[in-house]
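Reminder, nothing fancy here: chain letters follow the sequence lines and each chain counts from 1.
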Number of protein chains: 2
Amino acid sequence: MPNDRADKILQLVNDAKKIDVTQLADKLHVSKVTIRKDLTKLEDKGLLQRKHGFALINNPNNLSYRLAQNYDTKLRIAQRAAQMVEVDETIMIESGSTCALLAAQLGKLDKHVTIITISYFIANFVERYPNLDVFLLGGKYQSDSQVVVGPMAKAALANFRVGQLFIGTDGFDPNTGFYGNDIMRTDIVQAMAENAKDLNILTDSSKFNAPSIIRSFTADKVHTVVTDSGIPQACSRVLTQNGVQLIQVDA
Amino acid sequence: MPNDRADKILQLVNDAKKIDVTQLADKLHVSKVTIRKDLTKLEDKGLLQRKHGFALINNPNNLSYRLAQNYDTKLRIAQRAAQMVEVDETIMIESGSTCALLAAQLGKLDKHVTIITISYFIANFVERYPNLDVFLLGGKYQSDSQVVVGPMAKAALANFRVGQLFIGTDGFDPNTGFYGNDIMRTDIVQAMAENAKDLNILTDSSKFNAPSIIRSFTADKVHTVVTDSGIPQACSRVLTQNGVQLIQVDA
DNA sequence: GTGATTTATTTACGAACGAAACTGATTGTG
DNA sequence: CACAATCAGTTTCGTTCGTAAATAAATCAC
């Protein structure tokens, strides 16, 4: 299946929440059989749900939905980030969709890694990989994003100090730094960063033009950014000026 | 749909892991259309998965699977137990399937309740009820049963002291008490009990003839048992002799 | 007890399904 | 250059799907 048709299907499904096979076939000018095959593959990747006659969007607040946006780019970023992790290392992972793919990549590489996370989605996402040990922080459960937050989660962090923390971001402004769009999640991520030597950000380049609400980190706090080649020059210059290691995977 | 056919379908699906509609229709002597309707309802309850042409068992370690056994009895037990919880109360819930139904019942009753649990299944199960606040303990994630266990989870308990704890059980022996079949889960449940005033056990009566591996509690530690009318006399006598409040819902 | 309503099931039918065979374009190999 | 292998997509086929209308049994009202 060509990637651009996969993207178009995901776009259409995400816009409509629910769309039937016939409509997809009409809009994309291929047969229904082809659409059905595409949908089966996309369902296997966890990017949508199939039902008899139509395709359903995953819960939009759910990571499965966010995974569906720029899936291939995120996958390449995650593959690159997985190289940064040593065998038997203990890392922290936040709740971003690219972070979930990083965890899955580590699982596939069959390296033993211990993962500390706030995300129940990620814990379940890597269920099938016995080489991954997962520790979840406790706290107030945010059911829409499937993470724990709040003072209890921050207190639980006191038990851990790791070399690397991997997070996503919701936005970036060249003058001021990285942003999140949920105050509770931003708060816990900042606390995680204080207990990690290196702060690594995984994000597709679309976020570099999307300033968001709550500043999470100034650029100089960041060790490495892994993104794709679509990042604006203004942003990449600021990052390198602040001593950030910038890794770009091919588009 | 008659309840006994629903039970038979669940039995057949659970035994076979995967069974097609035609076979179910033959064995139960009804039409395929009727089977399909039954399967749709059972899927809506989360007790199995439908695919084109057949029904699939839920992951057997998963609570969804355990929920499917004696579903109606468990539901009645949960409904009765929900009456024991006050508005604005904070309770602890362990990972049992009947406990999950208790949480859902509390959600449906629209009382505000704060739930502290080790089970991510339960946290997600009650996602849609805004009147429930869920706090999860942190710890080592056991992906098959979707709970956190281990010393970190026990340490997290230090922050909480509640009036009531609700747990399930895997077995009971009249001479020695209640049993679990997983040492890590038994360990954390015992720690939970130390931080709760009343220990309440919710279980269908089938467990009273199934001694299990690890003793969790002697009968005298238990405040209330909610079960169905199928409990053997020998067991109910021992319980009441030990000062346990025994509540039996109709079969 | 009789007629009305509800519940359970079947029959009928057009749409959707998966699997397999087929077609045409692209890629790799000697 | 030829020719096999792979890939993307379509056509075809027998099966399963969901919905709606028909039928039968159980429950209820009075």
Checklist entry - Within less than 4.0 Å of OP1 or OP2 of D/dT16, is there a side-chain N or O belonging to B/Arg36? => result no
Checklist entry - Checking all strands, does B/Lys32 fall into the base, sugar-phosphate, or nothing category for heavy-atom contacts under 4.0 angstrom? => result sugar-phosphate
Next on the checklist: Holding to side-chain contact (heavy atoms from CB on, under 4.5 Å), I want the full list of residues that pass it with A/Ala6, two or more places apart in sequence or in another chain.
Outcome noted: A/Met1, A/Leu42
Checklist entry - Quick one: ring pair (Phe, Tyr, Trp, His ring centres under 6.0 Å) partners of B/Phe125, sequence neighbours excluded? => result B/Phe121
Checklist entry - For A/Lys37, which residues count as a side-chain contact (heavy atoms from CB on, under 4.5 Å) partner, sequence neighbours excluded? => result A/Val33
Next on the checklist: The criterion is salt bridge (Lys or Arg N to Asp or Glu O under 4.0 Å); which residues satisfy it with A/Asp170, sequence neighbours excluded?
Outcome noted: none
Item to check | Span of DNA chain C, from the first to the last nucleotide whose atoms fall under 4.0 Å of chain A heavy atoms | outcome: C/dA16 to C/dG18
Checklist entry - Angle, rounded to 10°, between the helical axes spanning five pairs at each terminus of the helix from C/dG1-D/dC30 to C/dG30-D/dC1? => result 30°
Next on the checklist: According to salt bridge (charged side-chain N to carboxylate O under 4.0 Å, His left out), does anything in residues 46-55 of chain A pair up with another residue at least two apart or in another chain? List the pairs.
Outcome noted: A/Lys51-B/Glu43
Next on the checklist: When you compare the side chains of B/Asp88 and B/His112, does any donor N or O come within less than 3.5 Å of an acceptor on the partner?
Outcome noted: yes
Item to check | Whole-Å distance separating the CG atom of B/Asp38 from the C1' atom of D/dC17 | outcome: 15 Å
Item to check | Atom-pair distance (CZ on A/Arg50; P on D/dC17), nearest Å | outcome: 13 Å
Next on the checklist: List the residues meeting ring pair (Phe, Tyr, Trp, His ring centres under 6.0 Å) with A/Phe166, not counting sequence neighbours, and say none if there are none.
Outcome noted: none
Checklist entry - To the nearest Å, how far apart are B/Lys41 NZ and D/dG18 P? => result 13 Å
Checklist entry - Which sits closer to the 5' end of DNA chain D, B/Val33 or B/His52, going by the nucleotide each is nearest to? => result B/His52
Next on the checklist: Expressed as a whole number of angstroms, how long is the span from B/Leu39:CG to D/dC17:C1'?
Outcome noted: 12 Å
Next on the checklist: Tell me every residue that passes salt bridge (Lys or Arg N to Asp or Glu O under 4.0 Å) with A/Asp20, counting only those two or more places apart in sequence or in another chain.
Outcome noted: none
Checklist entry - Do the non-hydrogen side-chain atoms of B/Ser206 and B/Asn70 ever get within less than 4.5 Å of each other? => result yes
Checklist entry - Can you check the A/Arg5 CZ to D/dA8 P distance for me, whole Å? => result 9 Å
Item to check | salt bridge (Lys or Arg N to Asp or Glu O under 4.0 Å) partners of B/Lys41, counting only residues at least two apart | outcome: none
Item to check | Distance, rounded to the nearest Å, where B/Phe54 contributes CZ and D/dT15 contributes P | outcome: 17 Å
Item to check | Contact residues, residues 21-31 of chain B to DNA chain D [heavy atom, < 4.0 Å] | outcome: B/Val21, B/Thr22
Checklist entry - Excluding sequence neighbours, so at least two apart, what forms salt bridge (Lys or Arg N to Asp or Glu O under 4.0 Å) with A/Asp133? => result B/Lys140
Next on the checklist: In whole Å, I'd like the distance from the CG atom of A/Asp20 to the C1' atom of D/dC17.
Outcome noted: 15 Å
Item to check | Separation of atom CG in B/Asp44 from atom P in D/dG18, rounded to whole Å | outcome: 11 Å
